[in-house]
Amino acid sequence: MKLKKILSLAICLIGTGVFTSCDDFLTIYPKDQLTVATYWNTDDDADAAVTAAYNWWVNNYLGSKFIFYEDSYSDIGFNYTNASHMRNMGRGSISPSAAPNYWRQYETIRRCNFVIENIDRIPASEITEAKKNDFLAQVRAIRGYSHAYLATWYGDAVIMDFVPKTAEDAKLPREAEAKVKEFAMNDLLWSAENIAEKPAQKGRIAKGAVLSMIARFNLLWGNYPEALDAANKVIALKQYELDPNFLTIFSMSGQNSKEIICTYEHVKTTSAYTDVIRFYNNADGGWASYTPTQNLVDMFEMEDGKMINEAGSGYDPVHPFANRDPRLKNTIIYPGQDWMGRNNIPRILNTIDKKLPNGSMNKDYYLAADNASHTGMLWAKYLRPNQAQYSASMNDDALCPIIFRYAEILLTKAECYVEMNQNFQEVLDIIDLLRIRGGHIAVDRTKYDTQAKVRELLRRERTIELAGEGFRFEDIVRWDEYDANGTKTGKKVVETVMPGNLFRLCGTIDYNEPNPDRRAVINVNAPLEDRLVEIRYFDKKQFHLPIQQTEMDANPQLVQNPGY
Amino acid sequence: MESLRWIHSFRIMKIATFFFICFICCTHAANADSQNEMVTIINSNTTLENVLNDIEKQTDFLFIYNKSVDVNQKVSINLRKAPLKEALHHLFDKSDVKYTFDGSYIVLSANKSESGGVTLAQQQQAQKVSGVVTDEKGEPLIGVNIAEKGTTNGTMSDLEGKFSLSVPNQNAVLVFSFIGYIQQVIPVGNQKTINVVLKEDALQIDEVVVVGYGTQTKVNLTGAVGVITKDDLLNRPVTNISSAIQGLTPGVTVTSGTGQPGGDGSTIRVRGVGTLNTANPYILVDGIETGTFNTIDPNDIESISVLKDAASAAIYGSKAANGVILVTTKRGKSGKTSVSYSNNVSFSNVATLIDRMSSYDYASLYNQLTVQNGGSPRFTDEDINLFKDGSDPYGHPNTVWTDYIYRTGVMHKHNLNVSGGSENVKYMASVGYLGQEGTMKNSDRQQFNVRSNLDIKLSDKFNMRTNMDFIHNKYSNPNASYGGGFTQFIRQADRMAPWIPYKKEDGNYGSISDGNPAAWIDNDARIYNLQQNFTGVLALDYTILKDLTFTLQGAYVTNVSETKDFRKQIWYDEVNYHGPDQLTETISRWSRYTLDALLNYSKTFNQDHGIKAMAGYKIEKYDYRNLSAFRKNFPNSSVTDLNSGDSSTQTNSGYSRELGLLSYFGRLNYDYKGKYLLEADFRADASSRFAKGYRWGYFPSFSAGWRISEESFMDGTQDWLQSLKLRGSWGLLGNQDAVSEYYPYLPTLYIGKNYPFGGVVKQGITVVTHKVETISWEKATNWGFGFDASFLNEFTLSAEYYNRKTTDIIMNVPVSDTFGISGTYQDNKGSLRNSGVELTLGWNHSFNDDWRMNINANYAYNKNTLLDLAGVNEIIDGYTINRVNEPYGSFYVYEVDGLFQSDEEAAAYQAQYGNIWSAPYKGGDFRIKDADGDGKISTKDRVVRGSQQPKGTYGVSLNVGWKNFDLSVLAQGVTGVNRYFSRDVVGSFIGDTSHPSTNWLDAWSPENTDTDWPRIFAEENSVSAPNKVYSSFWCMDADYVRIKNINFGYTLPKSWLSKLGIANAKIYYTGENLFTFDSLPFNADPESPSGNLDAYPISKSHSFGINVTF
């Protein structure tokens, strides 16, 4: 009888499953995800969606390290490892299947559109108009920045101003470059009008950052009056000032400097900056992934303001670092400098001798290992004052790379004046501010008295001030080349400075020399092959990035940039 | 219950009380009818008592007898649906027992007069014959029926195969018969000892095959079912059955897994890849879904059935589209307890390692290349000399990195199996242990498993079965200081330059950015894994009516998986560091609850019409839970529990998932005179994976067979054609597991696209995936036909054609970046077809009593064609392409048309055809073919070239036996397969982070032009680089033949063993993966799952084992 009971019980169980609760049984929802239909109820919901738009907003492909990579596309930087095809950029060997993919920026754009399309679903009682506008202004700033970035790197680009419902909806053709720029600027201008004056927390985009975007992109695009206007508005905010200590702003201790307008934020462990290991040299456990080049060294003036190739400059190619613009040693870590390495034992940095005085192999020798700086130098920004400011693993740090800082704004203003052919005095005043802050002397006003000369100076100063921060490649792509008479050659600067041999210095370190700037003794007769870092090519097609082959395959509407 | 006990007590009553009882009982025995009662008794070797019990169960009659009737005598009877009287006639007609009907009773009595009638003369001539019955291998056959022809005189062989029988005179003829063996007839003559060797019956007419929710005799099968028996799996040192079934049955393509302890499962594909998604077959052990072979000890397996077509698999509906594999475990049989023990010790080494350059060769060529490119040589002549003479092992080493991470692996396996039982309770219990040290250092495994299968007869109406299985699998693998497990070791050992020392003179390690794998081995950081799986099954059979059975089966499977990923910090020297110590501990568990209810009906009408019907209902619930925690900065590397990490660094995560499945199913079999066979199956499934309205899937199938050899017009062929069956089928299957996501239709928001504001991480929520609400089942329509034949007594041949079209394939539809979600989304968009043929040929032959052999060969050809891809013509992913009308996952590469023989030739070519790679052509580079003939080289010049899925697969097994020795060889191979080998396989000339293979010694140079190997080049600075330009050169033919297994065994003679109380013992040697034949230019595993060869390599092993039965 017992068995029969079990049986009837089991049949009941089946019956229950079948007839009463079939749908209940089969309708299951995840307990860790929200559904779109039930979202958008409070201002917290909006805030979380806005936050998601910030995730990797500066560059969806590389994150915040993009600023370090982008200079290695140019004549002042070098990347050895070819991570993310960066080296291909520098040596001119990019192709649609081997190039940086900034096109991925649309991921960020979608997140912005998600907020823009849905924020009105939040009941008015749950969000104030002011808050709503500020949220909208933040995401429109990011959306504008993203489109502007795309137009800068690709030219024509797809404009995404909605959340595509289906994948087909997103397969759109590229719009003309001008139209994309207009769309981007429209977003940024609206944002500047509606966004908070000051960020509620560090890391949020506020008025200063948006105006900086407007200034930067207008400058890159040659819209000087608009760039000037935005730069002036940033200055008028009176929130920012030049930091008296140039190097500190790039160290962990200088993260709250008033010169900083906007950073990409990191905190340890949960949202860390993971690539410090790429900064340092081999002997200190680093990978020396991006390094400055001799081209940059040569741009610095002598102590007395003369260029190295100027008559009477006193430049000694055997001691190229001696008697130079003091900013050189704060921009580039070159052989001979006193250095506090990984183990906190002071040493003289030596990248040019194969063996150290004690006879051991020199790990920093530029050919000692893949991870030794192949140009023999390192960037000073973010590396100084020491390695101890970062985690031992060099991959878990609260380093916040600076995206916009006040010096750039000043330089933008100056460049606008130059290109608009006006206010040269103010240009030189601005340049002096930066030179003197860096320990150099003021500009010799008698030397820089024409637009051509001021332009030349301004470009050099801009490169020097912003070196290592990712500006150079886009600058040399946009800058028209002028001949000695100040007339356009019809070429862009990049076409002249990029192709050819990239050289390093060869020589030895004189350990008995007390002056760090004179310790490197360069062998000016070193054979070419010893000095060669790589041979670089440049083709006009590289004015713009290629669209990835995968993207070309995925969206038949796209037309590839010429040359690829 | 009351009445049951009564019957039992009744049987032992003395004849003295008979009449009284009879009187009582007659009153309610009115409808017992000896004319219409039918009985089926298939019981060749049993006691008379058992047969009487059987008849009592099947009829309304009861037997009454006294002591004079010897109910313990052995009888042999084989009747199907025979009238009761016929049965009694068989049983007693030629014996000394008389039977009479009395109402519902049958009274048995000894017939004294006849037994007393033996004449004196007969007795004098009577003689005793004894002997031993063995099989071809010399192993004793237990329970062989030995009968004197034309009489009921007979006996059975005992546990040692011995028998003894008295025969009346020398004219007697003995018949030896045993299921599965060919009957032998031997005249006695004046022999006193007759030793008989019975040959296996290759035709196995009565072989029973396990099919979905039941069994079927092989002759009556109408679907395509591949069968693997325990004999095919014996004596191999494999730890995972998935590897052991390779090459055994056609249409089942097994790609060898890896040699990783605890992670050595192989990939199984039944009849090609039928979907763009998970194409794993549905695996069930004793009817319970496991989805994997990892949870079963190969020693516990009785048989494996592979259901290949819709006809056989449709009963599993929505989970069956990729084929179904049914594993049946051993169960107890009534009789003496049998104890068997087996063990195996194996020694294994990595089967394939690429030959790489010495540091001298590499440094010389590296210098040469740097100079060519205008730079200065990295190494001085002195350096080169030191590399050459090896006198400075620290400064100028020649490090063979693989020596530091691989070793000889040792494995030992043990299994103890106890089985037996009585009439009412049968049991099988087994325990197994496996200890393994992998071929990679710091990898090991301990597995412990226990299984008990119990069959209990509760009453005449109720039967109960329980299975309980527990497996504990603990394994570990080495871990790099920054994680990544063994893959990092293989990758780094393959790419680190030989001039980097393992250790320097001062004891510091040499290292590159990615560290030093040998240092991690010394550091002994590991990823520890623990898997525990418990399966519990309880089933009840209730015989409602004679022909109708109800079965209820409940099962609970739970699996706990723990991973402890500990990364130890390491200072390679004073400055090179990876760390800090960190731990990620993940615990996940899943449980599956299933309830099956089945009704089975089986009846034969008018002796000619056999009907079997089955109806079922199934409900299934699955839940999954995952919890993960992290901390770093441990006080030192020896305290490895989470608590000891720095709590300020902790993070954690967790989630749960659920699935529900509801099914109805049924099957109908009909056969007419065993000649015409029909089967229909139907299943309806509803899954919680899909939205309401898209949930239900309906999966019918039909199949038919014609045993043409049973037709009367085929009578003339009987002497050479033993059987021939034609069969065909059509059916529809579903593939629910195509979607790995649990809620693929539900648009959800992702929580965790965070960003820190003011130093505090704020949660970011947004949409990162795209969902299509209409997503539903993938459907596979199958049809096929074939035949099974056996001929010339020794041969079997099967052949079939199949065609499977999968539609509504859930595709990862690629999206453009502008869509703004990374990757892809899923929708029912694709369709593809697999069609092919399968052939199996067997030959079983004994030359004489000492020599025997059999060969089994199988071959399968599969053609895979994509028919639709979400409306687009092609989807390109790196070097693979999915293109309509081409096979799934084809390689898509530029065609190489030889090498440029000079820089001038290269420059001329570039001038003519252009160059899209920003790497100028030079002498020794690949000449890329202008495949589309448009006069320039562009991305349109890529061509489809083969795929990683083989077109042809074959296996040949050869068994040869001589007396007590056995030799078997299993060879397995594939044809029509390609592999793309990427950069780390052959290395390149980057510097510290590459170790070129010796192939480059034959690289093109102006001095060495008679070669097809391209020039050496720096990194990816040439069109010849495998990661720069995907070209046909690197997409190599990977056809191979592999001697999977060689087994040599010796069965110890009985005469030695009987003194030790051992029934049977065998020792053997087995070699696995000893030889591989392929055309690759380097020693790579053609089956490796990764084009980078960074999977744990498979092993070549030698092992020794013993099997003992007590």
Side-chain angles (χ1 to χ4, degrees), chain A residues 3 10 14 17 25-26 28 30-36 39 48-49 51-52 54-55 92-95 103-104 106-107 109-111 114 158 160 164 167 170-172 201-204 265 267 269-271 283-285 287 342-343 367 369-371 392-393 529-530 532 535 549 551 553-555, chain B residues 371 374-376 378 462 512-513 542 552 574-580 597 617 619 649 651 655-656 658 660 662 686 688 692 695 743 746-749 753-759 761-767 770 813-820 822 825 876 916-919 939 991-993:
Chain A
L3 283 165
I14 297 169
F25 177 75
L26 294 174
I28 302 171
K31 300 185 184 79
D32 66 329
Q33 291 163 39
L34 296 159
T35 58
V36 179
Y39 200 67
T51 302
Y54 274 92
N55 182 276
S93 58
I94 48 169
S95 70
W103 203 256
R104 280 174 55 178
Y106 288 99
E107 215 169 306
I109 293 173
R110 182 190 176 112
R111 293 178 195 168
F114 183 58
V158 174
M160 290 302 297
K171 291 181 183 173
L172 297 172
Q201 303 115 327
K202 185 168 178 278
R204 280 223 192 256
E265 293 287 296
V267 298
T269 305
T270 44
S271 197
D284 295 311
W287 301 350
R342 174 116 185 185
N343 42 15
L367 286 181
D370 292 354
N371 288 337
S393 56
E529 60 265 28
D530 285 358
L532 186 72
I535 301 169
Q549 191 58 47
E551 183 68 0
D553 294 338
N555 181 359
Chain B
V371 172
S376 61
R378 171 167 169 179
F462 281 104
I512 56 171
S513 314
Y542 173 59
L552 194 63
E574 312 86 59
V575 294
N576 286 292
Y577 169 79
H578 278 130
Y617 168 78
I619 185 163
T649 64
T651 61
Y655 62 94
S656 65
E658 277 180 276
L662 205 84
S688 67
K692 214 172 166 179
R695 223 163 242 172
Y743 317 100
L746 195 67
T748 56
L749 289 164
K753 289 292 172 192
N754 304 339
Y755 188 74
F757 291 116
V761 174
K762 168 140 183 68
Q763 206 166 56
I765 299 173
T766 193
V767 176
H770 180 61
V813 185
V815 300
S816 56
D817 285 341
T818 45
F819 193 40
S822 51
Y825 72 92
I876 302 163
I916 51 174
W917 290 292
S918 310
T939 55
D992 296 347
T993 55

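Every chain is numbered from 1 and lettered A, B, ... according to where its sequence line falls, protein lines coming before strand lines.
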Query raised in the report: For A:Val36, is it the side chain, the backbone, both, or neither that has a heavy atom closer than 4.5 Å to a heavy atom of chain B?
Result: both
Query raised in the report: Between B:Pro756, B:Ser822, B:Gly660, which residue shows the highest count of heavy-atom pairs closer than 4.5 Å to chain A?
Result: B:Pro756
Query raised in the report: For the residue pair B:Thr649 and A:Thr269, what are the closest heavy atoms and their distance?
Result: O-CG2, 3.5 Å
Report summary line: Highest number of heavy-atom pairs under 4.5 Å with chain B among A:Ser271, A:Ala554, A:Gly285 belongs to A:Gly285
Report summary line: CG of A:Asn555 to OG1 of B:Thr818, rounded to nearest 0.5 Å, is 5.5 Å
Query raised in the report: What pair of heavy atoms forms the shortest contact from B:Val815 to A:Ala167, and how long is it?
Result: CG1-CB, 3.8 Å
Requested in this report: Can you tell which part of B:Tyr743 gets under 4.5 Å to a heavy atom of chain A, answering side chain, backbone, both or neither?
Outcome: side chain
Requested in this report: Starting at CH2 of A:Trp287, measure out to CG of B:Asn576 and round the result to the nearest 0.5 Å.
Outcome: 11.0 Å
**Report entry** Closest non-hydrogen atom pair between B:Ser688 and A:Leu26, with its separation
**Finding:** CB-O, 3.0 Å
Query raised in the report: Quick one: CD on A:Gln549 to CD1 on B:Ile876, what's the gap to the nearest 0.5 Å?
Result: 6.5 Å
Query raised in the report: Are any side-chain N or O atoms of A:Arg110 and backbone N or O atoms of B:Phe819, one a donor and one an acceptor, separated by less than 3.5 Å?
Result: yes
**Report entry** Backbone of B:Ile916 reached by a side-chain donor or acceptor of A:Ser95 within 3.5 Å
**Finding:** no
Query - Greatest number of heavy atom pairs closer than 4.5 Å to chain B - which of A:Lys171, A:Met160, A:Glu107 - result: A:Glu107
Query raised in the report: With a 4.5 Å limit on heavy-atom distance, are the side chains of B:Asn754 and A:Thr270 in contact?
Result: no
Report task. Could you tell me the separation between the CG atom of B:Asp817 and the CH2 atom of A:Trp103, rounded to the nearest 0.5 Å? Result -> 8.5 Å
Query raised in the report: Looking at A:Leu532, A:Asp530, A:Ile535, which one has more heavy-atom pairs under 4.5 Å with chain B than the rest?
Result: A:Asp530
Report summary line: Between B:Arg378 and A:Leu367, the two heavy atoms sitting closest are NE-O, 3.1 Å
Query - Side chain A:Asn55, main chain B:Tyr755, donor-acceptor under 3.5 Å - result: no
Requested in this report: Name the region of A:Gln33, side chain, backbone, both or neither, that has any atom closer than 4.5 Å to a heavy atom of chain B.
Outcome: both
Report task. For A:Thr35 and B:Leu746, run side chain to side chain contact (heavy atoms under 4.5 Å, CB included): C-alpha distance rounded to whole Å, both residues' side-chain angles, the deciding distance at 0.1 Å, then the answer. Result -> CA-CA 8 Å; A:Thr35 58; B:Leu746 195 67; 4.3 Å; yes
Requested in this report: Count the heavy-atom pairs under 4.5 Å between each of B:Pro747, B:Gly759, B:Ser656 and chain A, then report the option with the highest count.
Outcome: B:Pro747
Query - Region of B:Gln763 that comes under 4.5 Å of a non-hydrogen atom in chain A - result: backbone
Query raised in the report: Under 3.5 Å, is there a donor-acceptor pair between the side chain of A:Asp370 and the main chain of B:Thr993?
Result: yes
**Report entry** Proximal component of A:Tyr54, with respect to chain B [non-hydrogen, under 4.5 Å]
**Finding:** both
Query raised in the report: Of the backbone (N, CA, C, O) and the side chain (C-beta and beyond), which part of B:Ser513 lies under 4.5 Å from a heavy atom of chain A, both, or neither?
Result: both
Requested in this report: Could you have a look at A:Ala49, A:Gly92, A:Ser393 and say which one has the most heavy-atom pairs with chain B under 4.5 angstrom?
Outcome: A:Ser393
Query raised in the report: Atom OG in A:Ser93, atom CH2 in B:Trp917: separation rounded to 0.5 Å?
Result: 13.5 Å
Report task. With a 4.5 Å cut-off on heavy-atom pairs, point out which of B:Gly991, B:Pro580, B:Gly579 contacts chain A the most. Result -> B:Gly579
Query raised in the report: Closest heavy-atom contact between B:Glu574 and A:Arg342?
Result: O-CG, 4.2 Å
